[in-house]
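See structure below.
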Amino acid sequence: MPLASALDSDGTVQLLDTTLRDGEQAPGISLDPDEKAEIARELDRSGIEFIEAGSACTGEGERETIRQVTGLDLDATVTSFARGVKSDIELAVDCGVDGVTIVVPASDQHIETKVGSTRSEVVTTTAELVEYAKDHDLWVEVIGEDGSRADIEFLERLMREALDAGADRSCYADTVGHANPETTYEYVSRLAALGPVSTHTHDDLGLAMTNVWVSLAAGADLVHGTVNGIGERAGNVALEEVAIALAHGYDIETATLDQLYSLAQTVSQATNIPLPPNKAVIGENAFTHESGIHTDGTLKDKTMYEPYSPSSVGRERRLVLGKHAGRAGVQAALDEHRIDVSEDEVTAIVDRVKELGDRDKRVTDADLLTIAEEVQGRERDRHVELLDLTAASGGGTPTASIRLRVGENERVASGTGSGPVDAAVEAVRAALGTDADAQLDSYHVDAITGGTDAVVTVEVEMSRGDRTVSVATSDSDITRCSVEAMVEALDRLLSVDTSGTSSNSESDVDVDADDVSLADD
């Protein structure tokens with residue numbers, strides 16, 4: 001098996017996104033038509049060549065969804081998944097798709113046990129289905145389901161017949177994430193000798209990306225994947241990872257890279273699956289630095305500890321403070337907030353930051369500013385302060401009323417929302433009026449104790465103009481905790497001009513049960 005270095009920039013690789021079909025088959029995911037349409041728009045804006053919009057055979061609701069996607073007039077080729085029966089192709093044609101992926105059994109386990117057929121019958125039926133689909137002017141790809149466990153001689157015969165019948169390409173499918181790289185290379189190389197071949201990998205062995213790479217080295221030129229790697233069981237290969245790896249390692253462009261993070265957020269919000277913090281490309285930690293050595297190096301040379309620029313995938317770099325913080329990182333954070341400190345004060349602030357980090361706590365911007373105030377003996381002059389909050393959500397529309405001190409004045413307001421937190425935030429907006437022109441960039445909730453009296457920590461990042469501040473608060477009442485965090489952030493943003501800017505922060509939505517927002521995008 002040759003190394004993946006067989007790839008070069010002269011090669012062409014395309015992506016087929018199956019988030020709306022295979023990704024939706026993950027437990028607990030159900031996308032409504034509007035969500036699928038928005039994801040399809042984002043995929044198209046990201047330059048993805050093929051979008052599998054769903055399975056027309058699933059039901060009329062799914063077909064209406066597919067029609068909504070095909071009606072968007074996208075640049076991408078929109079396809080439907082189709083089983084090995086003629087009626088599935090007819091249903092797909094009725095939805096106005098550009099193509100179909102016809103899935104037929106390839107392993108004896110699927111041929112004999114699942115569908116009760118024979119190898120010869122599968123070959124004959126597949127050729128007939130391909131001809132039928134081509135008669136309807138469809139782009140046609142044939143997948144041999146469970147191909148990685150199929151007899152290779154039979155798989156070659158099946159795909160040869162499909163291509164001879166007019167199929168545009170065959171697809172190697174590691175349906176259950178069974179294959180190792182050696183098997184994948186052998187199978188794909190033999191299919192590639194017949195004609196254009198795609199690869200469809202799952203991550204049950206943690207080898208989805210590796211198997212994509214050896215597929216490409218073996219001659220595949222189209223990769224199936226899902227946004228954020230969602231999908232059945234351990235998921236599919238992550239589309240964004242394939243795109244950045246090809247671009248960074250081989251100068252092969254498959255997508256508009258700076259759209260990838262927006263795409264990831266759209267899918268995360270629609271599926272209610274948070275972005276894993278340690279995930280390549282789209283994870284919160286991908287461009288976040290805490291270690292003193294790493295922070296110091298990054299401040300001297302932005303490429304010191306990053307393989308590619310965060311801006312290339314629509315991200316921003318973040319420097320955070322914690323137990324591993326060093327003097328350079330603390331000084332940089334203070335400079336961002338335009339806090340002038342002496343050498344001795346920096347030393348004292350670093351010690352306090354490390355002490356706080358040792359208590360298993362992330363040091364937020366608000367923590368740093370409070371520490372600086374205490375070390376310098378400065379009195380904090382609050383501009384916005386929470387005086388009273390009541391919220392109710394039982395039996396009707398969630399409502400909240402709030403009393404704030406803003407400057408020298410008290411302001412009272414109420415609000416309604418989709419949940420108590422949302423209602424309380426609306427009340428804050430009403431109380432602050434034009435002062436509330438701040439954006440809630442991140443809202444994250446963690447339970448830090450168990451039981452019915454659990455204490456939660458709410459961490460928010462808010463921005464106003466070019467200034468950003470992060471705040472974390474803890475309480476047994478999630479509504480009060482959320483409001484206190486937001487009011488604290490607003491106070492830091494509004495109270496004094498010397499609050500400065502935190503340009504290394506990013507917009508990152510983790511968990512938002514009440515669809516919280518403070519300002520419209």
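All residue numbers refer to positions in the sequence shown, counting from 1. Quantities reported herein were computed from a predicted structural model and do not represent experimental measurements.
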Are any of the side-chain heavy atoms of [X] and [Y] separated by less than 4.5 Å?
| X | Y | value |
| --- | --- | --- |
| Glu52 | Leu16 | yes |
| His202 | Asp22 | yes |
| Glu182 | Val214 | no |
| Thr271 | Ile230 | yes |
| Val97 | Trp139 | no |
| Tyr261 | Leu275 | yes |
| Val428 | Met486 | no |
| Leu216 | Leu246 | yes |

Sub-3.5 Å donor-acceptor pair from the side chain of [X] to the main-chain atoms of [Y], do we have one?
| X | Y | value |
| --- | --- | --- |
| Asp44 | Ala76 | yes |
| Tyr187 | Ala150 | yes |
| Ser268 | Ala264 | no |
| Ser80 | Ala56 | yes |
| Arg315 | Val281 | yes |
| Thr201 | Ala208 | yes |
| Thr183 | Ser148 | no |
| Glu24 | Leu31 | yes |
| Asp88 | Arg83 | yes |
| Asp221 | Thr12 | no |

Give, for atom [atom1] of [X] and atom [atom2] of [Y], the distance between the pair rounded to the nearest 0.5 Å.
| X | Y | atom1 | atom2 | answer |
| --- | --- | --- | --- | --- |
| His110 | Glu145 | NE2 | CD | 5.0 Å |
| Leu191 | Glu156 | CG | CD | 6.5 Å |
| Leu205 | His178 | CG | NE2 | 8.5 Å |
| Asp203 | Met209 | CG | CE | 10.5 Å |
| Ser312 | His248 | OG | NE2 | 9.0 Å |
| Arg41 | Leu74 | CZ | CG | 8.0 Å |

Please check if any side-chain donor atom of [X] sits under 3.5 Å from a side-chain acceptor atom of [Y], or the reverse.
| X | Y | result |
| --- | --- | --- |
| Glu90 | Tyr132 | yes |
| Ser474 | Thr457 | yes |
| Tyr172 | Thr184 | yes |
| Ser107 | Asp146 | yes |
| Glu141 | His200 | no |
| Glu38 | Thr266 | no |
| Thr118 | Ser120 | no |

Identify the heavy atoms of [X] and [Y] that sit nearest to each other, and give their distance.
| X | Y | answer |
| --- | --- | --- |
| Ser198 | Ala220 | C-CB, 4.5 Å |
| Ala192 | Ala218 | CB-O, 3.7 Å |
| Arg233 | Gly177 | NH2-N, 4.0 Å |
| Val100 | Ala92 | CG1-CB, 3.7 Å |
| Asn180 | Leu207 | CA-CD1, 4.2 Å |
| Val197 | Gly219 | CG1-O, 4.0 Å |

**OP:** Kindly indicate, with the supporting measurements, whether the criterion side-chain contact (heavy atoms from CB on, under 4.5 Å) is fulfilled by Asn211 and Thr199.
**Re:** CA-CA 9 Å; Asn211 285 334; Thr199 188; 5.9 Å; no

**OP:** Report the C-alpha separation of Thr18 and Asn236 in whole Å, then their side-chain angles, then the decisive distance to 0.1 Å, and conclude whether the side-chain contact (heavy atoms from CB on, under 4.5 Å) test is met.
**Re:** CA-CA 9 Å; Thr18 183; Asn236 298 52; 4.0 Å; yes

Which one of [options] satisfies the side-chain contact (heavy atoms from CB on, under 4.5 Å) criterion with [X]?
| X | options | result |
| --- | --- | --- |
| Leu239 | Ile48, Thr19, Thr226 | Ile48 |
| Glu240 | Val267, Leu257, Asn228, Leu263 | Asn228 |
| Thr101 | Val142, Val140, Ile143 | Ile143 |

**OP:** Check the pair Arg169, Leu222 against side-chain contact (heavy atoms from CB on, under 4.5 Å), reporting the backbone distance first and the verdict last.
**Re:** CA-CA 9 Å; Arg169 59 177 49 246; Leu222 189 148; 3.5 Å; yes

Original post:
Run the salt bridge (charged side-chain N to carboxylate O under 4.0 Å, His left out) check on Lys134 and Glu131 step by step: do they pass?
Top reply: CA-CA 5 Å; Lys134 295 305 293 183; Glu131 291 174 353; over 6 Å; no

**OP:** Decide yes or no on side-chain contact (heavy atoms from CB on, under 4.5 Å) for Thr479 and Val421, but give the supporting numbers first.
**Re:** CA-CA 5 Å; Thr479 303; Val421 175; 4.0 Å; yes

Less than 4.0 angstrom from a charged side-chain N to a carboxylate O is my criterion; do [X] and [Y] meet it?
| X | Y | answer |
| --- | --- | --- |
| Glu62 | Lys36 | yes |
| Arg190 | Glu186 | yes |
| Arg67 | Glu64 | yes |

Original post:
Is the CG atom of Asp75 crowded by more than 12 outside heavy atoms at less than 6.0 Å?
Top reply: no

